[in-house]
Engineer: 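Sharing a structure below in structure tokens format, with a few things to ask.
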Protein chains: 2
Amino acid sequence: MARKKDENTEALILEAAKTVFQAKGMDGARMQEIADKAGINKAMLHYYYRNKKLLFEAVFNNAFSLLAPQLKAILNDDSPIEEKVRNFTSDYISFIIDYPYIPNFIIQELNRNPDFILKLKDNPSFPNIDKFKKQVDEEVKQGILRPIRAEQLFINIMALNVFPFVAKPLLKAFTNTGEEAYHQLLEVRKTEVADFIIHSIKT
Amino acid sequence: MARKKDENTEALILEAAKTVFQAKGMDGARMQEIADKAGINKAMLHYYYRNKKLLFEAVFNNAFSLLAPQLKAILNDDSPIEEKVRNFTSDYISFIIDYPYIPNFIIQELNRNPDFILKLKDNPSFPNIDKFKKQVDEEVKQGILRPIRAEQLFINIMALNVFPFVAKPLLKAFTNTGEEAYHQLLEVRKTEVADFIIHSIKT
DNA sequence: ATATTTGTTAACCAAATGGTTAAACTATAT
DNA sequence: ATATAGTTTAACCATTTGGTTAACAAATAT
């Protein structure tokens, strides 16, 4: 028998924990299920991560650290707003198709545990809107964009890109589409969402 | 002592259950906490609602039955798309400011329990997109609207209106706004979101 | 008045759950 | 070879949790 050793088990646990936590949330997840999925003894979870909360935080930070760079792309990049909107929309939807659980997971757990975000904001790599704000204000002043507050534009961009994933079951029901057709709708959005936004804000 | 009697307790339980379930979700909610909040014995919960799942479903259906009429307003009404978008945006944001937990609660639990929606769709009062679809197609054909699929427009409308509430903690952090300032942003959206959409789809 | 149905409570219960412990196993250092 | 430090397991534990029960109180029907 004799498992390969240290580093491996830890990663195995994290991977299993990710699956279970993202599917069932902090409260719905069971330590035993995580252990089973990782194919190890339950005591190992505590050996490597002390307790459920810490294991959960490891998973959460992991997920957030995947999401953050996506957002920085639109907030910190130098290209004009229109270009950034187009790139972000396409990139983000591709990204989420690969990691479909992430946005819902983060939003959900952040709602459940609001002071959680304080810890995140401390992190210097937390996305910051300042640069985006200056850019929007500047393009508005130059008459490239209709007057709009950067915060509102940012919310709109996020909403149009993220919501279809977060509310997928509901939207599938309302639009009467099956899995396949819905995925098709999302594929189309890679370009259409950008068009929708640009049409609205460009003078 | 002698509590006022029957009908009352049942409503008391539902109200308490609503608060707890919407704040903590199905898994995070505790029957004891609901009983405490309702000021009654835990056994009463089972007397009136048999078990946790049924109590939860009562709360869920209750929440959904508040949301559904809002959606029907935009789907089934006869006025032109532009007018419907303006009315819906304003009405919906007002509605949610009164019931801030509802969208997140519904989306969350629907993600956790996808076959849950099947039961909802059976209900004849479940919102249906068909009429909206015909209307959009018609206005596109008449040249009133740019070409857009009704499903995509519907998703966009929902996204722009609902997402700011669902992702509130995250968006507050990204936009660096406190409770007061964020509420202000939402207030502004009552009209701005409609403008944003109309600009984008009108020819 | 009295029996019966309905509402309410305190005490209880079995199962599940997060977490611990002590012993065994493995690899590495001496 | 042997001590040492790190890894893994089975068994165990205290607490929590959803749910039940039996007795009691209050209406309502007879």
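Only heavy atoms go into these numbers, but all of them, side chains included; no hydrogens, no water, no symmetry mates. In the text below, chain A, chain B and the rest are named by the order of the sequence lines, each starting its count at 1.
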Engineer: Under the salt bridge (charged side-chain N to carboxylate O under 4.0 Å, His left out) test, which residues partner A/Glu83, sequence neighbours left out?
Structural biologist: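 With sequence neighbours excluded, A/Glu83 shows a salt bridge (charged side-chain N to carboxylate O under 4.0 Å, His left out) to no residue whatsoever.
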
Engineer: Test of understanding: with side-chain hydrogen bond (donor to acceptor under 3.5 Å, both in side chains), list the residues that count as partners of A/Asn51, not counting sequence neighbours.
Structural biologist: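 Listed in chain order: nothing, the list is empty.
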
Engineer: Do any of residues 29-36 of chain A sit with a heavy atom less than 4.0 Å from DNA chain D, and if so which?
Structural biologist: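 Contacts with DNA chain D under 4.0 Å: none.
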
Engineer: What pairs with A/Lys134 under salt bridge (charged side-chain N to carboxylate O under 4.0 Å, His left out), at least two apart in sequence or on another chain?
Structural biologist: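 Salt bridge (charged side-chain N to carboxylate O under 4.0 Å, His left out) check on A/Lys134 returns nothing, list empty.
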
Engineer: Shorter than 3.5 Å, N or O on both sides, protein versus nucleotides 21-25 of chain D: list them out with atom names.
Structural biologist:
none

Engineer: Got a sec, which residues hit salt bridge (charged side-chain N to carboxylate O under 4.0 Å, His left out) with A/Asp122, two or more places apart in sequence or on another chain?
Structural biologist: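 A/Asp122 satisfies salt bridge (charged side-chain N to carboxylate O under 4.0 Å, His left out) with no other residue.
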
Engineer: Strictly below 4.0 Å: does A/Thr9 bring a side-chain N or O up to OP1 or OP2 of D/dT7?
Structural biologist: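 Indeed not, no polar side-chain atom of A/Thr9 lies that close.
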
Engineer: For B/Lys168, enumerate each residue passing the side-chain contact (heavy atoms from CB on, under 4.5 Å) test, keeping only those at least two apart in sequence or located in another chain.
Structural biologist: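 By the side-chain contact (heavy atoms from CB on, under 4.5 Å) rule, B/Lys168 matches B/Lys172, B/Glu179, B/Tyr182.
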
Engineer: Mind checking what makes side-chain hydrogen bond (donor to acceptor under 3.5 Å, both in side chains) contact with B/Gln108, not counting sequence neighbours?
Structural biologist: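 Listed in chain order: nothing, the list is empty.
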
Engineer: Measuring from atom OG1 of A/Thr177 to atom CD1 of B/Ile155, what distance do you get when rounded to the nearest 0.5 angstrom?
Structural biologist: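 The OG1 atom of A/Thr177 sits 7.0 Å away from the CD1 atom of B/Ile155.
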
Engineer: When the distance from CE of A/Met44 to P of D/dG6 is rounded to whole Å, what number comes out?
Structural biologist: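 Atom CE in A/Met44 sits about 14 Å away from atom P in D/dG6.
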
Engineer: Could you tell me which residues satisfy salt bridge (charged side-chain N to carboxylate O under 4.0 Å, His left out) with B/Arg149, sequence neighbours excluded, listed by chain and number?
Structural biologist: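 Partners of B/Arg149 under the salt bridge (charged side-chain N to carboxylate O under 4.0 Å, His left out) test: B/Glu151.
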
Engineer: Nearest whole Å is fine: how far is C/dG7 C1' from B/Tyr49 OH?
Structural biologist: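 Atom-to-atom, B/Tyr49 to C/dG7, this comes out as 15 Å.
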
